[in-house]
J.: 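This is the structure I have questions about; it appears just below.
Only this structure's heavy atoms are used, side chains among them; waters, hydrogens and symmetry mates stay out. One-based numbering along the sequence shown.
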Amino acid sequence: TSFLCHTPVTVDMTEGLLDQASPSTLVVWLSEQDGCCIAEVRCPLMNFFCTEAHLQAWLATSPHEPGRSLTVLEALDVGKAAFGALLA
């Protein structure tokens, strides 16, 4: 679900390629927290937002949160770089 408004989120992939994302305005927050274990430091803050406006509304409540907004395709590229074949 979308982090802020709890809208259902769907990301369909086939053979490592994005087929569809719903809602079509879906964005992803890429946490850039530093720490020894990315799974513990960054993953809990990497969230889906149904729109960029919702991401910005959340960010206004956490203005010092290091990170950036990504499209679903950009997030998929980041995931592939980090987890490779596990996403296939």
Side-chain angles (χ1 to χ4, degrees):
T1 62
S2 177
F3 185 75
L4 189 67
C5 67
H6 307 289
T7 296
V9 167
T10 304
V11 176
D12 294 322
M13 295 176 54
T14 302
E15 298 180 14
L17 300 174
L18 179 67
D19 283 334
Q20 178 182 329
S22 176
S24 62
T25 54
L26 194 62
V27 293
V28 179
W29 178 253
L30 174 62
S31 173
E32 294 176 339
Q33 289 277 0
D34 288 328
C36 64
C37 179
I38 290 176
E40 291 179 7
V41 176
R42 292 186 180 183
C43 289
L45 296 172
M46 294 182 74
N47 292 301
F48 288 106
F49 293 86
C50 64
T51 64
E52 181 69 28
H54 280 190
L55 185 150
Q56 293 303 320
W58 166 78
L59 190 56
T61 66
S62 304
H64 301 295
E65 180 63 42
R68 57 191 164 105
S69 173
L70 301 176
T71 67
V72 175
L73 285 174
E74 291 169 331
L76 181 58
D77 286 342
V78 168
K80 284 179 179 180
F83 300 106
L86 294 175
L87 293 177

J.: Contact between W29 and F49 at the side-chain level, heavy atoms closer than 4.5 Å - yes or no?
T.: yes

J.: Return the minimal non-hydrogen interatomic distance between L18 and L76, and the atom names on each side.
T.: N-CD2, 4.0 Å

J.: Sequence neighbours excluded and cut-off under 3.5 Å, please list the side-chain donor-acceptor pairs for residues 59-66, or say none.
T.:
{"from": "T61", "atom 1": "OG1", "to": "W58", "atom 2": "O", "distance (Å)": "2.5"}
{"from": "E65", "atom 1": "OE1", "to": "Q33", "atom 2": "NE2", "distance (Å)": "3.4"}
{"from": "E65", "atom 1": "OE2", "to": "Q33", "atom 2": "NE2", "distance (Å)": "3.1"}

J.: Taking atom CG of D19 and atom OG1 of T14, what is their separation to the nearest 0.5 Å?
T.: 3.5 Å

J.: Are S69 and E52 linked by a side-chain donor-acceptor pair shorter than 3.5 Å?
T.: yes

J.: Once you round to the nearest 0.5 Å, how far does CG of L55 lie from CZ of F48?
T.: 12.0 Å

J.: Can you check whether V11 reaches L26 side chain to side chain, under 4.5 Å on heavy atoms?
T.: yes

J.: Mind checking whether V28 and E74 have side chains closer than 4.5 Å, heavy atoms only?
T.: no

J.: Give a yes or no answer on whether the side chain of S22 reaches the backbone of T10 with a donor-acceptor pair at less than 3.5 Å.
T.: no

J.: If we ignore hydrogens and angles and just use 3.5 Å, is the side chain of S2 paired with the main-chain N or O of T7 as donor and acceptor?
T.: no

J.: Under 4.5 Å between any side-chain heavy atoms of T51 and V27, yes or no?
T.: no

J.: What pair of heavy atoms forms the shortest contact from P8 to P23, and how long is it?
T.: O-CD, 3.9 Å

J.: CG/L17 to CG/L73 distance, rounded to the nearest 0.5 angstrom?
T.: 9.5 Å

J.: Minimum heavy-atom separation for A57 and L4, please, with both atom names.
T.: CB-CD2, 4.0 Å

